[in-house]
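First up is the structure itself, then whatever we jot down about it.
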There are 2 protein chains.
Amino acid sequence: MRHAHHPATEELSLPETMAALSDPLRIGLVRVLADGAERGWGELRAPVAKSTLSHHLRVLRDAGVTRTRQEGTRCFVTLRRQDLDERFPGLVEALLGAADAEDVGGGVHLAPGADSTGACR
Amino acid sequence: MRHAHHPATEELSLPETMAALSDPLRIGLVRVLADGAERGWGELRAPVAKSTLSHHLRVLRDAGVTRTRQEGTRCFVTLRRQDLDERFPGLVEALLGAADAEDVGGGVHLAPGADSTGACR
DNA sequence: TTCGTTGTTCGTCGAATATCGAACAAGCTA
DNA sequence: TAGCTTGTTCGATATTCGACGAACAACGAA
């Protein structure tokens, strides 16, 4: 729960970003975050152990795909859509379009009751 | 040198495609093939052993990114641009744009003298 | 202070990946 | 037939990845 590293926009690496986005579960996470809303980790439901989820969120963060904010014991995550679009124009849009079309990472959901109006408890 | 397997367009998997496109050398190969021209194996110059190059070309082919054609003892490869665009609209374009901007996979070249006018020997 | 919640880190496992050199196979060519 | 070229496949090795449970650390609440 220490300070997380976030690469600067200009440090984003295309191969690393592609690798981060090549796992179905991580694609599912990106889809859940695609509306731009900030989500608490507690809202995220994925069919893996919490340590595994933590690992995947770390991969996304290290690659610069997401940004993590800490508040007390709780963490919130957002998609760095603007940074990604600046560096790799069209990539996220293409990924989301393709992922939605075939429901890649469909095992990832939001907790029931959570909506995009900011229901972070 | 036996019959290579090529997945059908509808079999292309987004995660597998993303994974295939997450290696700098493979991105370099895709860039070289981006003009749509068919290239002979022998034209491709990459800073790895030939067995390693063969491996990477196989990963691309298995993922459905490229198509391999055999003619005698020689192989020719093309980018399956149309299939990829049909299945994952905008993905290849976004990748190529970003890869060109930062010269990802710049270690991959065409053999001197080779051009896009079909100089496959 | 003592819990309970939350997320990270550790240790481990098996599977996959990247790389090389060497051996091999298939097809030309002399 | 013998050799050459071309690309694949086979070990061998080192690294990385994805997954899990368990232990740990930080913080808020009782």
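In what follows, chains are A, B, ... by sequence order, proteins preceding strands, each numbered from 1.
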Under 4.0 angstrom between [X] side-chain N/O and [N] OP1 or OP2:
| X | N | result |
| --- | --- | --- |
| A:Arg74 | D:dA26 | no |
| A:Trp41 | C:dT5 | no |
| B:Ser54 | D:dT8 | yes |
| A:His56 | D:dA19 | yes |
| A:Arg58 | C:dT9 | yes |

Atom [atom1] of [X] and atom [atom2] of [N]: how far apart are they, to the nearest Å?
| X | N | atom1 | atom2 | result |
| --- | --- | --- | --- | --- |
| B:His5 | D:dT9 | NE2 | P | 14 Å |
| B:His55 | D:dC10 | NE2 | P | 14 Å |
| A:Phe76 | C:dT5 | CZ | P | 17 Å |
| A:Asp23 | C:dA16 | CG | C1' | 13 Å |
| A:Leu44 | C:dT8 | CG | P | 11 Å |
| A:Gln70 | C:dG7 | CD | P | 9 Å |
| A:Lys50 | D:dG18 | NZ | C1' | 18 Å |

Sugar-phosphate, base or nothing in reach of A:Val59, heavy atoms under 4.0 Å: nothing
Using a 4.0 Å heavy-atom cut-off across all strands, classify A:Arg61 as base, sugar-phosphate, or nothing. sugar-phosphate
Value for CG (B:Leu95) from CG (A:Leu95), rounded to nearest 0.5 Å, stands at 12.0 Å
Backbone N/O of A:Gly42 and side chain of A:Arg45: donor-acceptor pair under 3.5 Å: yes
Ignoring the backbone of B:Thr52, work out which of C:dT6, C:dC20, D:dT5 is nearest its side chain. C:dC20
Among D:dA26, C:dG27, C:dG21, the one nearest any side-chain atom of B:Thr73 is C:dG27
State, yes or no, whether a side-chain contact exists between B:Arg31 and B:Asp103 at a heavy-atom distance under 4.5 Å. yes
Minimum side-chain heavy-atom gap B:Met18-B:Leu91 below 4.5 Å: yes
NZ/NE/NH1/NH2 to OD/OE distance under 4.0 Å, B:Asp83 and B:Arg87: no
